[in-house]
Amino acid sequence: MTSAAPEGSFPEGVPSLEVRWILPGQLDTAVAAWFGTSVSRTESREDCYLLRPDLGALSVKVRGGRALEVKVFRGSPGILDLPGRAHGRMQYWQKWSFPYRSLSPHARETDGWIRVRKQRRTIRFSLTGGHIACVGEPAGEARCAAELTELRSQHRDWWSLGLEATGPAGLLRTGLEAAAALVFTQALPRGVELSMADSMPYADWLRARPSAAG
């Protein structure tokens, strides 16, 4: 599904532009070293994704047991193409977040929810006057977070690299592409490839796994 960039401002919710890759196995130390030490925040949490019923363009999760997050897919402006570095599908989303009481620890994944434990490293960027810079606390016209995340779900290890731009709708793509250019200044470690086949949001990744269809 492809669409032009969203016009105007959304009356509610937070607009974002995202690209993500999810790969199997444990996070390699070489990838962690490549991501760098300019990490403004590290975080460990467990998110629960609602996979059934399939809500189509809607993505629903409980974030860290404290917030109910609802996202609606708004289309794609195209491919993030960094030759020799990465190829991924950029996606516009609109997001709402509400306070939420944690799911019972005894809730079954067969009830339609899938638990994903995450240990995440984050580098934050701000775009001001057309210039992008790594910052501790984002401010400016547009913001972008680069996230390197270790994942554990249904007794298997995965890892993810993602970028999420927020701010004025007309600057989302500029902010994401500028941050990506900095993140991928250096080539990825040998043997690591971020391809279109691995580029997807978390909900699509979970739905594609055979164990999620039971």
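What you see below is based on every heavy atom in this structure, not just the backbone, and it leaves out hydrogens, waters and symmetry mates.
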The criterion is side-chain contact (heavy atoms from CB on, under 4.5 Å); which residues satisfy it with Ala203, sequence neighbours excluded?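 Checked Ala203 against side-chain contact (heavy atoms from CB on, under 4.5 Å); matches are Ser59, Arg207.
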Partners of Ser97 by side-chain contact (heavy atoms from CB on, under 4.5 Å), sequence neighbours excluded?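 Ser97 satisfies side-chain contact (heavy atoms from CB on, under 4.5 Å) with Ala67 only.
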Using the rule given for salt bridge (Lys or Arg N to Asp or Glu O under 4.0 Å), can you reason through Asp157 versus Arg152, listing the C-alpha separation, both sets of side-chain angles and the distance that settles it, and then say yes or no? CA-CA 5 Å; Asp157 293 311; Arg152 179 76 175 174; 3.1 Å; yes
Out of curiosity, does Met196 fall in the hydrophobic cluster containing Trp21 (side-chain heavy atoms, cut-off under 4.5 Å, transitive links)?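 Result: no, two separate clusters.
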Does the pair [X]/[Y] count as a salt bridge with the N-to-O cut at 4.0 Å?
X	Y	answer
Lys71	Glu18	yes
Arg45	Asp47	yes
Arg121	Glu43	no

So do the side chains of [X] and [Y] get within less than 4.5 Å of each other, counting heavy atoms only?
X	Y	value
Leu148	Trp159	yes
Trp93	Arg74	no
Thr122	Thr42	no
Glu164	Lys95	yes
Trp205	Val116	yes
Val19	Leu163	yes

Distance only, no hydrogens: is a donor on one side chain within 3.5 Å (strictly under) of an acceptor on the other, for Glu193 and Ser195?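 Side chains of Glu193 and Ser195: no pair found under 3.5 Å.
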Does any donor atom in the side chain of Ser160 or Arg20 lie under 3.5 Å from an acceptor atom in the other side chain?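 Indeed, the side chains of Ser160 and Arg20 share at least one donor-acceptor pair under 3.5 Å.
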Step through it carefully: locate the ring centre of Tyr49, locate the ring centre of Tyr202, and say whether they are under 6.0 Å apart.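 They qualify: ring centres under 6.0 Å apart.
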Would you give me the side-chain donor-acceptor pairs under 3.5 Å for residues 27-36, sequence neighbours excluded?
| unit_1 | atom_1 | unit_2 | atom_2 | d |
| --- | --- | --- | --- | --- |
| Asp28 | OD1 | Ala30 | N | 2.7 |
| Trp34 | NE1 | Gln186 | O | 2.9 |
| Trp34 | NE1 | Ala187 | O | 3.3 |

